[in-house]
Amino acid sequence: MGGTNMGDAQVPLLAGHYNNGEQESLKAESAGINARSKDQASVQRRDCINDEVCVTIPISDELEENLSRKEKDADSFEENADGDLERMQKALELFSDVPSFGKLPTIDPFLNKTPAVRGMYENLKTVLLLPLMVVRLLVILMILVVGFIATKIALAGWENGQSVLPRWRRKLMSVTRLCGRGILFCYGFQWIRRIGRPAPKEVAPIVVSNHVSFIDPIFYFYELFPSIVSSKSHDSLFMAGTIIRSMQVIAVDRTSAESRKSATAEIKRRAASMEFPSVLLFPEGTTTNGRSLISFKPGAFVPGFPIQPVVIRYPFVHFDISWGDISLTNLVFRMFTQFNNFMEVQYLPVIYPSAWEVENPSEFADRVRYEMARALCVPVTEHTHGDLMLSVNAQRLFLRFPANYMVEMGKVEKALGLRTGDVKKFLEKFAAMGPSCCGTVSVNQFLEWHHLPKCWISRKIFDLFDKSRQGFITFREFVVASGSFLKTQELRSHMRAAYSACNLQGDGRISPIELENCLKLSMPSINNAKVKMWFKRLDLDNDGVISWEEFETFIETNLELLPIFMMCT
């Protein structure tokens, strides 16, 4: 074994003359294998009965040391199982309803898989196409100017974006639409393969598509010239904002619930009117890498109208055109340094909602999504744009492998009602615990960050997060548990009761002595150094006492610690 010292373990092998019943009994008895050291092995062999054949299995010192350490950690928690266990268990029941979301999918729907520029072919191609890149840029600028002027003429005297664009103005926009095709040509899309045909407005008033690149809306502008839902920020884009406005956009502020609600009502109004063009939506709400379909927003499905799904593919070998975690500058540079880029557009059959789906738009959205996923041959996940924001924030916090900090915000929003801003706060707290490169926090890291001793209640608090019982918690487990704590009934009254119970003198302020008495009631093994750290974290204004406001602020950001204070109630 290359000089590695090995321990021994013994396994009884079943002799051939046992009958089936005896064999089953012996199998059950021999299921557990106990690792033993070499000096124990000789004694163990003498204890074997004649009907068993004992085989010595070598166990590496490293594995034996890990097993020993794990047993010692378990023993340390058992030895320090102190305090009133019955009262502790009652306090912990406050947070007993923590759901389990299962394992996070290993798919990163935002990962751009463009290989780095390496090898003679790629380097030579990049150098040769640099002059062409300059030409392409200049031509695109010229096309944009022409399209901008044509759009200005078509929209002259028309400012009301809520009214129908007259037919003659839409015909003038044909010049701008041809400019859109010229831009696609300059980006390397000389040929675009189409499968199927777009349905007329009276058949399918709403069109939905997966969203992979900024090329998608340029294609649809040229191909369908539909009404689109667009962020309000796009209206201020230089030149492009005017062209986007010609599509009679439904502007929405994704951070405002009222704006999203009014946008849904406007979608229904335009879809019901034959005067407006078809309404195009990207229900994913953001761009992905095209290798999965993430959670769909409900806006396109709430009206209950027939929908035509369209799927876009960008086959590639050297360059992935998806706009996920790649910068726009790098994306455009690599696009310009390709001889050509490939695009496939498939119009799927129109999907008609059932009476049940009209009343339950989420069911309709799921059916449309699965049909699109089947056409693309990709899986579906519950990621949203919020997961991309979490990944970006993980990078800012210098966490390795940012994809580990996605949580499938679609599930989190539905089950817990948490917004991305709430989860970002959880991420900052989780990052402060120093997660491993795998994105996990061990029990020791958890206890150290919270200044908790190794005792029974500390372990139980950790287990509230560790639903998988693997000895560590992932960020998704941390978010699910933290979000569940926020939904606890009568949380405020429990906090007030815990504060009053700790304030023995009844003067409305917790002194250092009172805090120490409270902590040692639930954790007798806690040392003075940890008590001082707790008081320092609670006493925000450093005035030597803990006010209700300070206690409330601390517990709101560390709800998992509330059972410790509830021991005093």
Side-chain angles (χ1 to χ4, degrees), residues 92-110 254-255 257 260-261 264 283-286 288 292-299 301-302 356-357 359-370 373 379-391 393-394 403-430 439-441 461-470 472-492 494 556-560 562-563:
L92 288 166
E93 286 176 0
L94 181 67
F95 298 144
S96 59
D97 296 329
V98 178
S100 175
F101 279 14
K103 292 184 178 180
L104 183 69
T106 56
I107 299 168
D108 181 352
F110 309 106
R254 69 174 64 186
T255 63
R260 294 194 299 270
K261 184 178 179 180
T264 301
E284 293 173 292
T286 187
T288 69
S292 66
L293 281 179
I294 63 175
S295 180
F296 275 11
K297 304 292 183 184
F301 310 96
V302 170
W356 167 257
E357 290 171 334
E359 297 297 326
N360 298 271
S362 61
E363 299 287 338
F364 188 26
D366 285 342
R367 182 156 72 99
V368 173
R369 183 166 63 136
Y370 280 114
V380 298
T381 73
E382 294 303 319
H383 292 89
T384 70
H385 180 261
D387 288 288
L388 179 59
M389 293 297 98
L390 290 173
S391 176
N393 274 267
N404 289 329
Y405 302 94
M406 297 181 187
V407 295
E408 284 194 304
M409 279 299 300
K411 281 186 178 180
V412 171
E413 288 176 1
K414 290 176 185 176
L416 304 174
L418 294 176
R419 308 296 297 176
T420 305
D422 301 320
V423 181
K424 284 181 180 178
K425 294 177 182 177
F426 294 149
L427 178 60
E428 292 174 2
K429 180 178 176 180
F430 192 79
T440 60
V441 168
I461 289 173
F462 180 81
D463 286 345
L464 292 174
F465 295 91
D466 182 20
K467 301 299 291 185
S468 59
R469 299 295 184 265
Q470 298 183 78
F472 56 80
I473 55 177
T474 64
F475 179 59
R476 177 152 124 158
E477 288 177 324
F478 185 77
V479 168
V480 172
S482 299
S484 300
F485 299 161
L486 290 172
K487 296 182 68 177
T488 304
Q489 293 183 351
E490 300 179 355
L491 182 61
R492 189 72 53 188
H494 288 301
E556 282 179 346
T557 55
N558 300 279
L559 284 173
E560 64 273 16
L562 181 57

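We're numbering straight along the sequence, starting at 1. None of the values given here were measured: they were computed from a predicted structure.
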Practice item. Evaluate the ring planes of F430 and F478, with Trp represented by its six-membered ring, and classify them as parallel (under 30°), tilted (30 to 60°) or perpendicular (over 60°). Key: tilted
Revision key, fill the gap. Heavy-atom nearest pair, T384 first then G410, reads CG2-N, 3.4 Å
Check your understanding: CZ/R469 to CZ/F462 distance, rounded to the nearest 0.5 angstrom?
Key -> 9.5 Å
Practice item. Return the orientation label for the F296 and F301 ring planes: parallel under 30°, perpendicular over 60°, tilted otherwise. Key: parallel
Review point. Are E408 and F101 side-chain neighbours, meaning at least one heavy-atom pair lies under 4.5 Å?
Key: no
Practice item. To the nearest 0.5 Å, tell me how far R476 CZ sits from K103 NZ. Key: 11.5 Å
Practice item. In sequence, state the C-alpha distance, the side-chain angles, and the governing distance for V479 and V412, and then conclude on side-chain contact (heavy atoms from CB on, under 4.5 Å). Key: CA-CA 8 Å; V479 168; V412 171; 4.3 Å; yes
Check your understanding: So, N360 side chain and S362 main chain: donor-acceptor pair closer than 3.5 Å or not?
Key -> no
**Study point:** Shortest non-hydrogen contact from S484 toward L416
**Key:** OG-CD2, 3.8 Å
Practice item. Please tell me if the side chains of F465 and S482 come closer than 4.5 Å, counting only heavy atoms from C-beta onward. Key: yes
**Study point:** E560 and K429 ion-paired at < 4.0 Å
**Key:** yes
Revision key, fill the gap. Separation between CG (N393) and OG1 (T420), nearest 0.5 Å, reads 10.0 Å
Check your understanding: Which heavy atom of E382 sits nearest a heavy atom of R369, and at what distance?
Key -> OE2-NH2, 2.7 Å
Practice item. First locate atom CZ of F485, then atom CG of L464, and finally report the distance between them rounded to the nearest 0.5 Å. Key: 4.5 Å
Practice item. Output yes when D422 and K425 qualify as a salt bridge under the 4.0 Å nitrogen-oxygen rule, no when they do not. Key: no
Check your understanding: How close do A373 and V380 get, heavy atom to heavy atom, and via which atoms?
Key -> CB-CG1, 3.7 Å
**Study point:** Separation between CG of L390 and CE of M406, rounded to the nearest 0.5 Å
**Key:** 8.5 Å
Practice item. State, yes or no, whether a side-chain contact exists between T286 and I294 at a heavy-atom distance under 4.5 Å. Key: yes
Study note, to complete from the structure: Taken to the nearest 0.5 Å, the spacing of H385 NE2 from S295 OG works out to 13.5 Å
Check your understanding: Does the side chain of R492 come within less than 4.5 Å of E556's, by heavy atoms?
Key -> yes
Review point. Would Q470 and T440 satisfy side-chain contact (heavy atoms from CB on, under 4.5 Å), going step by step from the backbone distance to the final call?
Key: CA-CA 11 Å; Q470 298 183 78; T440 60; over 6 Å; no
Exercise for review: Please report the shortest heavy-atom distance between G439 and N404, naming the atom on each side.
Suggested key: N-ND2, 3.9 Å
Review point. Does the side-chain contact (heavy atoms from CB on, under 4.5 Å) test come out yes or no for M409 and M389, once each step is laid out?
Key: CA-CA 10 Å; M409 279 299 300; M389 293 297 98; over 6 Å; no
Exercise for review: Give the intermediate values and the outcome of side-chain contact (heavy atoms from CB on, under 4.5 Å) for residues L491 and L562.
Suggested key: CA-CA 10 Å; L491 182 61; L562 181 57; 3.8 Å; yes
Check your understanding: Taking C-beta and beyond as the side chain, do V441 and F472 meet within less than 4.5 Å on heavy atoms?
Key -> no
Review point. What are the two closest non-hydrogen atoms of Y405 and A394, and how far apart are they?
Key: CD1-CB, 3.8 Å
